[in-house]
Number of protein chains: 4
Amino acid sequence: MGETGGPRARGRPRSERARAAVLDAATGLLVSGGVQAVTMEAIAARARVSKSTVYKWWPTRGHVMLDSLAHAAGHALAAPARDGSLAGDLAAEVGALVRAFRDTAAGPLVADIVAAAQADPDVRAALDERWVRPRRAACARLLDDAVARGALRPDTDVPAAVDQLFAPVYHRLLFGHAALADGLAPTLVRQLLDGLGAGRCRPDGDR
Amino acid sequence: MGETGGPRARGRPRSERARAAVLDAATGLLVSGGVQAVTMEAIAARARVSKSTVYKWWPTRGHVMLDSLAHAAGHALAAPARDGSLAGDLAAEVGALVRAFRDTAAGPLVADIVAAAQADPDVRAALDERWVRPRRAACARLLDDAVARGALRPDTDVPAAVDQLFAPVYHRLLFGHAALADGLAPTLVRQLLDGLGAGRCRPDGDR
Amino acid sequence: MGETGGPRARGRPRSERARAAVLDAATGLLVSGGVQAVTMEAIAARARVSKSTVYKWWPTRGHVMLDSLAHAAGHALAAPARDGSLAGDLAAEVGALVRAFRDTAAGPLVADIVAAAQADPDVRAALDERWVRPRRAACARLLDDAVARGALRPDTDVPAAVDQLFAPVYHRLLFGHAALADGLAPTLVRQLLDGLGAGRCRPDGDR
Amino acid sequence: MGETGGPRARGRPRSERARAAVLDAATGLLVSGGVQAVTMEAIAARARVSKSTVYKWWPTRGHVMLDSLAHAAGHALAAPARDGSLAGDLAAEVGALVRAFRDTAAGPLVADIVAAAQADPDVRAALDERWVRPRRAACARLLDDAVARGALRPDTDVPAAVDQLFAPVYHRLLFGHAALADGLAPTLVRQLLDGLGAGRCRPDGDR
DNA sequence: GGTTAAACGAGACGGTACGTCTAGTCTTCGG
DNA sequence: CCGAAGACTAGACGTACCGTCTCGTTTAACC
C-alpha cells in the first residue's frame, strides 16, 4: 500500500511503456523464433529499451517470461463457467488449460518457463505460485467439496487426483507425444471419476 | 550387428574410455552442481577428454544427457517384476519410474533433458523415442490386454489413461509441488482403475 | 577534430587503460615469447582485459601489432636531426631505422607485422601507410630536392633509390643473414651516392 | 650420396608420387586460395595423401613450402646467361629474380616462407641457405672479381652492395608498395655502379 | 613363398586458439 | 531517480588445425 499512499515518488517515474514493451517483445520473440530467440539482448532490442532497464526490473529471463505469461494469457484465463455438475466443472477447468496451451502464447511460454525452472528454483517457485497453484486450487476445491458431500470416496487423495487431471495436459505440452485435442479434458475427467473398471455400477449417471 | 560383422574398421578405433568418461562426467556435474554446471567445456574437462571428441560424437549438450541417462539408469530400470494382477503390474511400472526419479540420477537427468527438449526438437524426439515411449508401451500393452479380455471398459482411451498414470510422476519431478512418495504409484493406479466415485460396486476386489 | 568538438558522447567512454594495456601486453609477449606467444587470448589475459574488448577495437592480431608499433616506437622515431648535407641527412634517416630495429621492440614488431601482412592485405596496406610511407617520403623529398638543384643526376629513379637505402635494412631484419651494424647506414648512402665504380672523379668531396 | 650407393633399402620405398602430389598441392593451394588456405590438412586432402605421410617427411608447413619452392621454381631459375659486362651480368641476376617473383609461383611462395620464417628459425635458416645464399653468392662473386681487377672501388662493402641490388626486389614483393617492373633490375644496377651524383666522369661508358 | 620392414591410408585423439555470442555490470549523459 | 547508450568483464559456444596415436594395408627386399 505504501507505494500509492505516500507522496509521489522522487525522480522520473517508471515507464509503463517500457514494461509493456518488454513483455510484448518477449512473447513475440518466443512465438516467432522459438526459445533460442528469446535472449535478454533480443528482448531489449525489440522493445527499444536498454538492457539495464530490463535487468533493473527482472532479474532473469525466466522472470520476464513469467510476467509475459501473466501479461499475455492472464485475461484469457479467467475462471471458466461453472454449470454445477462436478464432471462439467472439472472438464471446464481442464479444458480451459488445454485451449490456452493450444490456442494462445501460453503454451510456448509455459514450456519455456518450465525449462528455465529446472535451472532456477526461484522461477520454479514463482511458476508454481502464480500459475500452477491457482488452477490446482480451484480444482482441488471442487474435489474437496465433493468428498465432503459424499459424492466421492472419502479416501480420495485429492492432490494425486488433481495431478491425474492436469498433469496429462502439461505432459503433452512438454513432450509432444500426443495432441492437445478438444476431447481430452472430458475424457480425463470421465476416466478418473468413473474409473476404467468394466463392472461399474453408475452407468452414466453423475457426469 | 552389422557393425561387428564386417572387417575391422580402418583407422584408430573409438575410445570406449572416452565415451564412458564423458557420460560419467555429465552425470556427475549435474548431480553435484546442477544444470548450470553441465557445460560442454566442463564435461570435457572433467572427463579428461578434448572438446573436439565430445562434439565429434554428440552434437549437443542434450544428446550427451540423453546418453548419460541410458548410461546411468539403463540397467537400473529393467522390466519390473510382474505378479499377474493388472493393478499390481501397473503399480510396479509406475513405481519403478518413481524410484528411478527419486533415488537415482535419472531424476535430474530427465528434468534437464526435458528442459533442453523445449529448445531442440531433435532432443525432444530422442527423449520420447528412447525413454518415454518404451515405458508407455509396456503400460499400454497391459491396458490393451485388459480391455481385450473385458476387464476394462471398452471405450477406454488408453493413451489418456497411460498419461493419467505417468504424467503425475513427471509433473512432480518437473514442478516439485509435491514429493515423489512411495505410495504415489499404487494411489494413482487405484484411483484410475476404480474411479473416485463413492457409489462403487467393486468393494475391494480386483486390485 | 569532430570527435572532440561535439557534445560528449553518450554511454560509457572508452577505457584508455584497456587500450594501453593491450598494446603493452602485445609488445611484451612478442619480446618475451616470440611470435608464437602473441595470441589474442594471451594478449587479453596479460592485459587483464576481456577478449571481447580486444576484438571490439582490433579486428585482427595484425592490427594490434600495428598499434603496438606506433605505441612502442612512435616517440622514439621522431624526425632525426638534419645537418644540411645530403649524405648526412640520408644517413640519419636510415640510421634511425637501423637503431629502431636493433635497439627497440620495433624490430620484432615490424617483422611480425610483415609476416601478418602476407596473409592480410588490410594489414599490408596499414603497415605501408602508417610506417613505411612516412619514412620513405622523408627520404624521397631529400632526393627530389637534390635532383631539382642539380646535385643528383636528373634521370634518378627516386623510388628505386629509396629502396636501395631502406630495403637492405628490412632485408637484414627479416632474413637475418647479416647484422644491423652501426656502419650500415653511412655505407649504404655512400655506395649509392658515389657509386661503386673505381674511376670516380669526386675523390671524397661531397659526402 | 650414401643413400643411393648402398643396397636398396628394406621395406616399401618412399612414394615419389606422394612427394610430388604434396608439393603440387601446396603450391596450388597457395596460388588459388592465398596463405590462409595452405594448411597441413588441406595439403594432405588435396594431395590425396594421409596427414601422417606429410608429417613424416616435412616437420612444418614452412618446410613443405621450401620444398615446393624448389619444386616449382627450381628449373626456372638456372644460372642466367652472362654477357661478360659487369652491369649486364648483375642485371641478369637481379632480373631473373624479378621475373621469377612476378611470373611464377615463386613470388607467393617466398613471401609465405618469409612470413613463416619470422616464427621459425629453422625455416629462416633453410630459406637463407637454399634460396637466398646461392643467388647472393653468384652476385657477390661478380662484385668480388670486379674489385679484384680494379673495376670497383677497393673499399666496396660487397654484402651491402648485394643487398642494395636484391633487397629492393624482396621489399617490393613483401610490401607491395611498387610494382616489380621489367626496368627495375637495370635501374638498380646502374644507380649502384654509377652512383646518383651529378658530376660523374663516366658519361655512358661502362654500362 | 613366406617373412620382415617400412611407407602408406584412415581416422580418432588431446590440445589450443579462433572469433562469436550472451549474460550481467558499470559509467556516463540526458530527461 | 529513471531511462538510454554503450563499454566493460566473464566465460561458454562451436569450429578449425595442430601434431600424435593406433590401427590395418600395401609394397618391396630378403631368406
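Chain identifiers are assigned alphabetically (A, B, ...) following the order of the sequence lines, protein sequences preceding nucleic acid strands; residue numbering begins at 1 within each chain. In this text, all values refer to a predicted model and were calculated from it rather than measured experimentally.
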Is the closest side-chain heavy-atom distance between [X] and [Y] below 4.5 Å?
X: B:Val64; Y: B:Ser68; value: yes
X: A:Arg130; Y: A:Asp67; value: yes
X: D:Val114; Y: D:Gln118; value: yes

Between [atom2] on [N] and [atom1] on [X], what's the gap in Å once rounded to a whole number?
X: B:His63; N: F:dG14; atom1: NE2; atom2: P; answer: 12 Å
X: D:Asp120; N: F:dG19; atom1: CG; atom2: C1'; answer: 14 Å
X: C:Arg10; N: E:dC26; atom1: CZ; atom2: C1'; answer: 16 Å
X: A:Ile43; N: E:dT22; atom1: CD1; atom2: P; answer: 12 Å

Please determine, for the side chain of D:Arg14, which listed nucleotide (E:dC8, F:dC30, E:dG14) has the closest atom? E:dC8
State which of E:dC8, E:dG14, F:dT9 makes the closest approach to the side chain of B:Ser50. E:dG14
Pairwise 5' ranking along DNA chain F for C:Lys56 and B:Thr60, keeping only the more 5' one: C:Lys56
Closest nucleotide of DNA chain F for C:Ser15 versus for C:Glu41: which of these residues is on the 5' side? C:Ser15
When we call it a touch if two heavy atoms are under 4.0 Å apart, what does [X] touch: a base, just sugar-phosphate, or nothing?
X: C:Arg19; result: nothing
X: B:Trp58; result: nothing
X: B:Arg61; result: nothing

Taking atom types as they are modelled, would you say the side chain of [X] forms a donor-acceptor pair with the base of [N] within the 3.5 Å cutoff?
X: D:Arg12; N: F:dT26; result: yes
X: C:Ser52; N: F:dA10; result: yes
X: B:Lys51; N: F:dG14; result: yes

Please list residues of residues 26-40 of chain C whose heavy atoms come under 4.0 Å from any atom in DNA chain F, ordered by number; otherwise none. none
Between A:His63 and A:Asp120, do the side chains contain a donor N or O and an acceptor N or O under 3.5 Å apart? no
Please say which of D:Thr27, D:Val110, D:Leu30, D:Leu23 ends up in a side chain to side chain contact (heavy atoms under 4.5 Å, CB included) with D:Met65. D:Leu30
For B:Gly11 and for C:Tyr55, find the nucleotide of DNA chain E with the closest heavy atom, then tell me which residue's nucleotide is more 5'. B:Gly11
Is A:Trp57 near enough to F:dC2 that one of its side-chain N or O atoms lies under 4.0 angstrom from OP1 or OP2? no
Using a cut-off of strictly less than 4.0 Å, decide whether D:Arg17 has a side-chain nitrogen or oxygen near OP1 or OP2 of F:dT26. no
Cation-pi check, B:Arg19 onto B:Trp57 ring (under 6.0 Å, within 45° of axis): no
Looking at B:Arg48, I'd like to know if its CZ atom is crowded, meaning that more than 12 non-hydrogen atoms belonging to other residues, nucleotides or ligands lie closer than 6.0 Å. no
